[in-house]
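See below for the structure under consideration.
Just so you know, ligand 1 is whichever comes first in the structure, and atom 1 is the first atom listed for that ligand.
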Amino acid sequence: MQIEKHQIEELNQQQLAAHKRRFEFTAEGVANIDEVIKKLSVFNIAIPSWALGTGGTRFGRFSGGGEPRSLEEKIEDVGVIHALNQSSNSISLHIPWDIPENASSIKALASQLGLHFDAVNSNTFQDQPNQKLSYKFGSLHHVDKAVRKQAIEHNIEVIKYGVQLDSKALSVWLSDGSNFPGQLNLRQAFQNTLESLQEVYEALPADWKMWIEYKPYEPNFYSTTIGDWGQSYLLASKLGNKASTLVDLGHHLQGTNIEQIVSLLLMEGKLAGFHFNDSKYGDDDLTVGSVNPYQLFLIFNELVEGMDAKGMDHATSIGWMIDASHNVKDPIEDLLQSVQAIKIAYAQALLIDKKALTAAQQNNDVAQAQEILQQAYRTDVRPLIAEAALRAGGALDPIGSFRKLKVRDQLIKDRGLKTVATGL
Ligand code: RM4
Ligand code: MN
Ligand code: MN
């Protein structure tokens, strides 16, 4: 199913007059409005191939109907998202959940929808049918060299798929860890991981990156071998320039100051990018901005400030991706909401009066510093996001349009009610 340009234009037309009024009201207070709109127009966030189906928990999975049955259908769904928001022009594949059997036809389909391929993700946290050795006790950190070798080869195979699709990064998340004290020699586990990653690193093409994700617990509950940003950073530093640290917002213990981690990784040139989601307790993978939008804004404050300090291009110099899953929402609606939330936080960060904030910081004027941040945070920037989408050919109201166009009904008609997408 594909959304036609004229369908979006017709819906936009009905909302145009109200939008213009709202936009002019907000734009009046923004000195560099054209620059802000331009930055918002080129800002894209990748969609993970595993988030297009209904997510499950370990207690059950309730399929929502019309889920994509193949990689082609997942790409079509990203096409729908991108047609509506003009901000999701790439897809990130998880191998082997989504193996591109015929790379050239997959690439052709994607580019017809204005999409390309973001990072490829390896999976050594599950055993696959016909797999020789088990990952029950880990993969790249395993005590048995043969298991490590199998996991290394899998990562190299993932790079090969990525090369066929013009991806430029391998993203590695390991569930490796231990469930009980004493189970593992922690130093040995780390060293095995480093050696294994070194072999994968050797196989990276010259223009590729390796993104190393960390996570404090789950599925292991005593130690995770890449458990925090320090451990990821250590690996990335030892590996070399192509390796850096990937921050998944759900992979921190409660109360962690994520914006500070982000700020320092950026300073060191070791921030690979993001897996965006939101959480209340742990790796909840909830819709971005649904629980703690202020934290997201504070992260973007550090990002904009830190990237500007280094003259980095906001849109392209690090990886922007969603990593969420949904067991009670329509996945497409959820992803549209997530992308909107990210763009809202980014727009608010662009509105911060940087000069005034620097002055307040220099004068230890704490109250004023807070006023400046919250002035930006409390600005309703949604008309700016809508204007950027409008100028790029997207919908003023992506979710409203998705509903009015009855996209899900159509997908159920085309694919059936009881379809199940690959993924978690
Ligand atoms: C993990 C982690 C990875 C993702 C898997 C599915 O918790 O966030 O990025 O690939 O889940
Ligand atoms: Mn992740
Ligand atoms: Mn996760």
Should Arg69 and Glu73 count as an ion pair when the cut-off is N to O under 4.0 Å?
yes
Is any NZ, NE, NH1 or NH2 atom of the basic residue among Asp283 and Lys215 found under 4.0 Å from an Asp or Glu carboxylate oxygen of the other?
yes
Please identify which atoms of ligand 1 are closer than 4.0 Å to at least one heavy atom of Lys215.
7 (O)
Would you kindly check if the NZ (Lys) or CZ (Arg) of Lys242 is within the cone defined by 45 degrees around the ring axis of Tyr201 and under 6.0 Å from the six-membered ring centre?
yes
Flag the pair Arg61 and Glu67 as a salt bridge only when some basic side-chain nitrogen lies within less than 4.0 angstrom of an acidic carboxylate oxygen.
yes
Please write down residue, atom name and distance for the protein heavy atom closest to atom 10 (O) of ligand 1.
His94 NE2, 2.7 Å
Looking only at heavy atoms, is any part of Asp285 under 4.0 Å from ligand 1, and if so is it the side chain, the backbone, or both, or is it neither?
neither
Using a 4.0 Å heavy-atom cut-off, which part of Asp323 comes near ligand 1: side chain, backbone, both, or neither?
side chain
N, O or S from Glu213 under 2.8 Å to the Mn ion (ligand 3)
no
Here the N/O/S atom of His275 closest to the Mn ion (ligand 2) would be ND1
List ligand 1 atoms under 4.0 Å from His251, heavy atoms only on the residue side.
2 (C), 7 (O), 8 (O)
Give the atom name of whichever N/O/S atom in Asp323 sits closest to the Mn ion (ligand 2).
OD2
I need the contact type for Glu218 against ligand 1. Using non-hydrogen atoms and a strict under-4.0 Å cut-off, is it side chain, backbone, both or neither?
neither
Under 2.8 Å from the Mn ion (ligand 3), is there any N, O or S atom belonging to His251?
yes
Asp283, N/O/S atom nearest the Mn ion (ligand 3)
OD2
Can you tell me which N/O/S atom of Asp248 has the shortest distance to the Mn ion (ligand 2)?
OD2
Quick check on Asp248 - does any of its heavy atoms sit under 4.0 Å from an atom of ligand 1?
yes
For His142 together with Tyr135, are the ring centres under 6.0 Å from each other?
no
Quick one: do Asp330 and Arg403 make a salt bridge, cutoff under 4.0 Å?
no
State whether Asp207 and Lys168 are salt-bridged, where the test is any N-O pair (Lys NZ or Arg NE/NH1/NH2 against Asp/Glu carboxylate O) under 4.0 Å.
yes
